[in-house]
Amino acid sequence: MLTLVVGLLYLVSGRTARSQDATGSRFVCNAIPPGAEPGCGYISAGNRVQSNSPVEDELRNTIIQLRETILQQKETIVSQQGTIKELNSKLTRCEVTVEVSPQGKSRVQGSRRKDYGKNTMGDLPRDPGETIDQLGKTMQSLKGRLENLEQQSVRLPSTNVSAAGVSALTPLPPELRELLRQRLEALETQLLRKVAELEEEKSQLYNETAAHRQRTESTLNSLLERITELEKSNNAFKSPEDFKVSLPLRTNYLYGRIKKSLPEMYAFTVCMWLKSSASPGIGTPFSYGVPGQANEIVLIEWGNNPIELLVNDKVAQLPLAVSDGRWHHICITWTTRDGFWEAYQDGERLGTGDNLAPWHPIKPGGVIILGQEQDIVGGRFDATQAFVGEMSQFNMWDRVLRPVDIVGLANCSAYMPGNVVPWIDANVEVFGGASKAALEICEDRAFDS
């Protein structure tokens, strides 16, 4: 293009071919407009001929316009380059958002989820709903800017000159148009993918919220049911453990039943308060039977025999005496190691022994009966072996308690419910005329003494 302009300037600049005759004179040839009479003009000063014809003025004006057009085209290209750099920056930020690996719980609670809440777009809000709307607006804005840029680029002025000296318009080069189109499609794809991911996150958050709400409601309902149950069971008692079971007659149909069963145990401690004046013998304060062995654990005083402890139907006699009609605290400990046992009454250890069902584990899944000895699991009671009297604070542990713990229970200086069987109202059922009544054992025992 510049070569064309220089040639044109050379042709119209009034430069003349010079020739010299034998006498040394020079002739200057000038272009004349159509229809003018040919002639030569001679100017002595500077020996140059200058013409101000309309054609020269028109060509000179065309050259000036072309120069201005080139400058404008350069400015337009610089502006477009800035716009493309801005779009490339936006696109790069979107690509970084996609490629960055997610950060982060977890909890609970497992699987890993992308951190879509991170503000990777610079000016996007953190709320998923607002983010989706803002991304849509951003995408439409960028798309419109690219389309406007493409339309303006199509009308870029070229260096072609028409016959009348007016610059013509040529389309943008296909390579640049294709690049802009690809950039637009890539940006739109990235934004749509981001919108889809945010929609998915929004759905997951909704599902998690619904599940958490359901779990919370279920827990609250369970607590309400438990509170209602405690309110019903504690109408007559100050607290769940302040009650006693009364078995006034020696029959085979009065008894209590512990709702909880026992796990497999290699040691145990059982403690209770007893009050009885029955004779001969107080009967069976409690028994534990399992399938295949009705006498897995039994405490019994039958007839004129001393109180006996049975483990797996093996017998040990205990030096206890509780049939004086007063409250007495008794504790029995046993361990499978050598079958060692201890017997406490009112906090004092009165006897020990060993070889009581050594190395035998207490079997799980049986039934604990208060006041009766079982011939089959949970039934077939014998009236002659029934307990007559009152009992309270029947607790059981799966370990051997320390003597200091037993003393604390006996003198009411410590409260330590059983970790296997605690004495609470909701855990004890009574049948056949047996009854439960309020009792604060420590106050009642002090009154008896």
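What you see below is based on every heavy atom in this structure, not just the backbone, and it leaves out hydrogens, waters and symmetry mates. Residue indices begin at 1 and follow the sequence shown.
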Trainee: Quick one: does Phe394's side chain get under 4.5 Å of Val270's, heavy atoms only?
Mentor: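 Of all side-chain heavy-atom pairs linking Val270 with Phe394, at least one is under 4.5 Å.
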
Trainee: Could you check if a side-chain atom of Arg399 sits within less than 4.5 angstrom of a side-chain atom of Thr269, using non-hydrogen atoms only?
Mentor: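 Not touching, per the 4.5 Å side-chain cut-off.
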
Trainee: Is the backbone of Val430 close enough, under 3.5 Å, to the side chain of Lys436 for a donor and an acceptor to pair up by distance?
Mentor: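 Side chain of Lys436 to backbone of Val430: no pair is present.
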
Trainee: Answer yes or no: does atom CG of Asn207 have more than 12 heavy-atom neighbours from other residues, nucleotides or ligands under 6.0 Å?
Mentor: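 Yes, CG of Asn207 has more than 12 neighbouring heavy atoms, counting only those of other groups under 6.0 Å.
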
Trainee: Is Ser218 reaching over with its side chain to a backbone N or O of Gln214, donor-acceptor style, under 3.5 angstrom?
Mentor: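 No, Ser218 side chain to Gln214 backbone: no donor-acceptor pair under 3.5 Å.
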
Trainee: Evaluate Met396 against Ile297 for side-chain contact (heavy atoms from CB on, under 4.5 Å), listing each step before the verdict.
Mentor: CA-CA 12 Å; Met396 201 165 190; Ile297 306 175; 3.8 Å; yes

Trainee: Report yes if some heavy atom in the side chain of Trp341 is under 4.5 Å from a heavy atom in the side chain of Val311; otherwise report no.
Mentor: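 With C-beta onward as the side chain, the pair stays apart.
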
Trainee: Walk me through it: do Leu320 and Ile332 pass the test side-chain contact (heavy atoms from CB on, under 4.5 Å)?
Mentor: CA-CA 11 Å; Leu320 305 178; Ile332 311 296; 4.0 Å; yes

Trainee: Can you confirm whether the side chains of Asn312 and Gln293 place a donor and an acceptor under 3.5 Å from each other?
Mentor: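 There is such a pair between these side chains.
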
Trainee: Judged by atom type as modelled, is there a donor-acceptor pair below 3.5 Å linking the side chain of Trp423 to the main-chain atoms of Gly418?
Mentor: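 Not confirmed, Trp423 side chain does not pair with Gly418 backbone.
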
Trainee: Determine the minimum heavy-atom distance between Asn305 and Glu308, stating which atoms define it.
Mentor: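 Reported closest heavy-atom pair: CB-OE2, 4.4 Å.
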
Trainee: Which atom names give the shortest non-hydrogen contact between Ala426 and Lys259, and what distance separates them?
Mentor: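 In this case the closest contact between Ala426 and Lys259 is O-NZ, 3.1 Å.
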
Trainee: When you measure from the side chain of Gln345 to the backbone of Val322, do you find a donor-acceptor pair of N or O atoms at a distance under 3.5 Å?
Mentor: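 Side chain of Gln345 to backbone of Val322: no pair is present.
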
Trainee: Other residues, nucleotides and ligands only: do more than 12 of their heavy atoms fall within 6.0 Å of CZ on Arg257?
Mentor: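 Counting neighbours around CZ of Arg257, 12 or fewer heavy atoms of other residues, nucleotides or ligands fall under 6.0 Å, so no.
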
Trainee: Looking only at heavy atoms, which two atoms of Tyr288 and Gly366 are closest? And how far apart?
Mentor: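 Looking at all heavy atoms of both residues, the closest pair is OH-N, 3.0 Å.
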
Trainee: Test side-chain contact (heavy atoms from CB on, under 4.5 Å) on Glu342 and Thr352 and set out the steps.
Mentor: CA-CA 4 Å; Glu342 300 172 299; Thr352 63; 3.8 Å; yes

Trainee: In terms of relative ring orientation, are Trp273 and Trp327 parallel, tilted or perpendicular, with 30° and 60° separating the classes?
Mentor: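 Trp273 and Trp327: perpendicular rings.
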
Trainee: Taking atom CD1 of Ile424 and atom CG of Asn395, what is their separation to the nearest 0.5 Å?
Mentor: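 Atom-to-atom, Ile424:CD1 and Asn395:CG are 10.0 Å apart.
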
Trainee: Once you round to the nearest 0.5 Å, how far does CD of Glu241 lie from CG of Asn427?
Mentor: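 The CG atom of Asn427 is 12.5 Å from CD of Glu241, to the nearest 0.5 Å.
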
Trainee: Looking at Trp334 and Leu356, would you say the former's side chain and the latter's main chain have a donor-acceptor pair under 3.5 Å?
Mentor: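 Confirmed, Trp334 side chain pairs with Leu356 backbone.
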
Trainee: Sequence neighbours left out, what pairs pass disulfide (SG to SG under 2.5 Å) with at least one residue falling in residues 266-330?
Mentor: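 Every disulfide (SG to SG under 2.5 Å) pair that includes a residue of residues 266-330, provided the two are not neighbours, is Cys271-Cys331.
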
Trainee: Identify the two heavy atoms, one from Val407 and one from Gly347, that lie closest to each other, and give their separation to 0.1 Å.
Mentor: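 The pair with the smallest heavy-atom distance is CG2-O, 3.4 Å.
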
Trainee: Do the non-hydrogen side-chain atoms of Ile369 and Phe431 ever get within less than 4.5 Å of each other?
Mentor: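 Result no, sub-4.5 Å side-chain heavy-atom pair not found.
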
Trainee: Would you indicate whether the side-chain heavy atoms of Arg337 and Trp359 approach each other to under 4.5 Å?
Mentor: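 Heavy-atom side-chain distance check passes, below 4.5 Å.
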
Trainee: Below 4.5 Å, heavy atoms only, C-beta onward: do Phe286 and Leu370 meet side chain to side chain?
Mentor: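 The answer is yes, as the side chains (C-beta and beyond) meet within the 4.5 Å cut-off.
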
Trainee: For Asp405, give me all partners under salt bridge (charged side-chain N to carboxylate O under 4.0 Å, His left out), at least two apart in sequence or on another chain.
Mentor: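 Listed in chain order: Arg402.
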
Trainee: Return the CD to CG distance between Gln393 and Leu409, rounded to the nearest 0.5 Å.
Mentor: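 With rounding to 0.5 Å, CD (Gln393) is 9.0 Å from CG (Leu409).
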
Trainee: Does the side chain of Pro403 reach to within under 4.5 Å of the side chain of Tyr344, using non-hydrogen atoms?
Mentor: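 The answer is yes; the side chains approach within 4.5 Å.
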
Trainee: Output yes when Glu390 and Lys244 qualify as a salt bridge under the 4.0 Å nitrogen-oxygen rule, no when they do not.
Mentor: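 Between Lys244 and Glu390 there is a salt bridge, with a charged N closer than 4.0 Å to a carboxylate O.
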
Trainee: Say you draw a straight line from OG1 of Thr336 to CE of Met265; how long is it, rounded to the nearest 0.5 Å?
Mentor: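 Answer rounded to 0.5 Å: 11.0 Å.
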
Trainee: Check whether Lys260 reaches the backbone of Val420 with its side chain - one donor and one acceptor, N or O, closer than 3.5 Å.
Mentor: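 Pair found, side chain donor or acceptor close to backbone of Val420.
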
Trainee: When you measure from the side chain of Asp382 to the backbone of Thr384, do you find a donor-acceptor pair of N or O atoms at a distance under 3.5 Å?
Mentor: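 Answer holds: yes.
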
Trainee: Any chance you could measure Glu208, atom CD, to His212, atom NE2, to the nearest 0.5 Å?
Mentor: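 Going from CD on Glu208 over to NE2 on His212, the span is 11.0 Å.
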
Trainee: Any idea which heavy atoms bring Gln374 and Ala294 closest together, and the distance?
Mentor: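 Minimum heavy-atom separation between Gln374 and Ala294: O-CB, 3.4 Å.
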
Trainee: About how many Å separate CE of Met391 and NZ of Lys275, when rounded to the nearest 0.5 Å?
Mentor: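 Answer rounded to 0.5 Å: 14.0 Å.
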
Trainee: Report the C-alpha separation of Leu310 and Asp313 in whole Å, then their side-chain angles, then the decisive distance to 0.1 Å, and conclude whether the side-chain contact (heavy atoms from CB on, under 4.5 Å) test is met.
Mentor: CA-CA 5 Å; Leu310 280 70; Asp313 210 25; 3.8 Å; yes

Trainee: Consider only side-chain N and O atoms of Gln385 and Thr284, and report whether a donor and an acceptor are under 3.5 Å apart.
Mentor: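 No, no side-chain donor-acceptor contact under 3.5 Å.
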
Trainee: Does some side-chain heavy atom of Glu296 sit less than 4.5 Å from a side-chain heavy atom of His360?
Mentor: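 Yes, at least one pair of side-chain atoms sits under 4.5 Å.
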
Trainee: So, Ser276 side chain and Ala278 main chain: donor-acceptor pair closer than 3.5 Å or not?
Mentor: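 Indeed, once roles are kept as given, a pair shorter than 3.5 Å links the two residues.
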
Trainee: Tell me the closest heavy-atom pair linking Gln372 and Phe381, and the distance in Å.
Mentor: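 That would be OE1-CB, 3.3 Å.
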
